[in-house]
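For reference, the structure is listed below as C-alpha cells.
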Amino acid sequence: MRLVVTVHALAVFGQPVLAGLFLDGADRLVQVHGANAILIGLLGLGQILAAILLRWPGRGPVWPVAVSVLLWFFEVLQTGFGFIRVLSLHVPLGVAIVATLLMLLIWVWRPRLGR
C-alpha cells in the first residue's frame, strides 16, 4: 500500500506543476499533463487493489478501500473535465484530489503506535 500510494501521490503532485508550466508557455506539456492523467487513473486502480489486499487478507481497516474507490472515481471525472476543458470544475477537483492523496500519504507512512 505504501508503494502504490507514494507513486500515485507523486504522479498527482506533478499535475499542478505540469499545468503551471503549460500556462507559463510550454504548450507541449499539455499533452504530458493529459498522459499523466491517464497514468493516474491506472495508479488509482492499483491503489484500490492494494487497499483491498490490505483489508482482505491483511485485516487492515476498510476505509482505505472506500477512499480509494471514491478517489479513483473523482480522478476519472477530473480527467474528463480536463479533456473537455471545464476548468471551473477541473481546478477545484484537482485541489481536492491532491489534498486527499496527501492525507493518504501521511497515513501510510506514519509510524504505527502500540506495536
Side-chain angles (χ1 to χ4, degrees):
M1 185 76 176
R2 282 181 172 174
L3 176 64
V4 174
V5 170
T6 300
V7 173
H8 192 187
L10 288 173
V12 166
F13 297 165
Q15 285 297 77
V17 174
L18 291 169
L21 291 169
F22 164 68
L23 292 172
D24 213 22
D27 294 341
R28 70 190 184 290
L29 289 181
V30 75
Q31 282 120 2
V32 177
H33 184 74
N36 195 41
I38 302 300
L39 174 64
I40 287 168
L42 294 172
L43 289 168
L45 289 173
Q47 183 175 308
I48 292 170
L49 179 61
I52 290 170
L53 292 174
L54 177 68
R55 174 66 182 152
W56 301 281
R59 299 183 192 267
V62 73
W63 69 263
V65 177
V67 169
S68 296
V69 169
L70 283 171
L71 182 62
W72 177 79
F73 172 76
F74 287 121
E75 287 170 344
V76 170
L77 205 57
Q78 167 76 345
T79 300
F81 288 148
F83 280 122
I84 63 172
R85 305 287 193 262
V86 181
L87 298 181
S88 62
L89 296 174
H90 184 72
V91 172
L93 189 54
V95 171
I97 290 168
V98 167
T100 302
L101 261 165
L102 178 60
M103 299 244 218
L104 276 170
L105 191 62
I106 291 167
W107 177 74
V108 297
W109 285 102
R110 72 173 168 59
R112 305 293 188 251
L113 297 175
R115 277 195 162 192

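What you see is a predicted model; the values in this text were computed from it and never measured. Excluded from the calculations below are hydrogen atoms, water molecules and symmetry mates; all remaining heavy atoms, backbone and side chain alike, are included.
- In this structure, Arg59 contributes its side chain and Trp56 its backbone to no donor-acceptor pair below 3.5 Å.
- Side chain of Arg55 to main chain of Gly60: a donor-acceptor pair is present (N/O by atom type, distance under 3.5 Å, no hydrogens or angles).
- Side chain of His90 to backbone of Gln78: a donor-acceptor contact under 3.5 angstrom is found.
- Both Ile106 and Val98 belong to a single network of hydrophobic side chains, linked directly or stepwise wherever heavy atoms of I, L, V, M, F, W or Y lie under 4.5 Å apart.
- The closest side-chain heavy-atom distance from His8 to Leu104 is not below 4.5 Å.
- Contact annotation: the side chain of Phe74 approaches that of Leu77 to within less than 4.5 Å [non-hydrogen atoms, C-beta and beyond].
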Show me the donor-acceptor pairs within less than 3.5 Å that the side chains of residues 34-46 make with the rest of the protein, sequence neighbours left out.
{"unit_1": "Asn36", "atom_1": "ND2", "unit_2": "Ala11", "atom_2": "O", "d": "2.9"}
{"unit_1": "Asn36", "atom_1": "ND2", "unit_2": "Gln15", "atom_2": "OE1", "d": "2.8"}

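- For Leu105 against Phe13, the heavy-atom pair with the smallest separation is CD2-CE1, 3.9 Å.
- Taking hydrophobic clusters as Ile, Leu, Val, Met, Phe, Trp and Tyr residues chained together by side-chain heavy-atom distances below 4.5 Å, Met103 does not share a cluster with Leu3.
- For the atom pair Thr100 OG1 and Leu93 CG, the distance stands at 9.0 Å (nearest 0.5 Å).
- Other residues, nucleotides and ligands contribute at most 12 non-hydrogen atoms within 6.0 Å of the CZ atom of Phe73.
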Would you give me the side-chain donor-acceptor pairs under 3.5 Å for residues 17-26, sequence neighbours excluded?
none

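- Follow the hydrophobic side-chain contacts under 4.5 Å out from Val62 and you reach Val69 in the same cluster.
- Annotation: the span from Thr6 atom OG1 to Leu101 atom CG amounts to 10.0 Å, rounded to 0.5 Å.
- You'll find the side chain of Trp109 reaches within 4.5 Å of the side chain of Arg2, heavy atoms only.
- The hydrophobic clustering, which links ILVMFWY residues whose side-chain heavy atoms are closer than 4.5 Å, places Ile48 and Val67 apart.
- Residues Trp107 and Pro64 are in side-chain contact: their nearest non-hydrogen atoms beyond the backbone lie under 4.5 Å apart.
- In this structure, Ser68 and Trp63 have side chains that are not in contact, with every pair of non-hydrogen atoms separated by 4.5 Å or more.
- A single hydrophobic cluster is not seen to contain both Leu71 and Val76; linkage of ILVMFWY side chains at heavy-atom distances under 4.5 Å, directly or through other members, places them apart.
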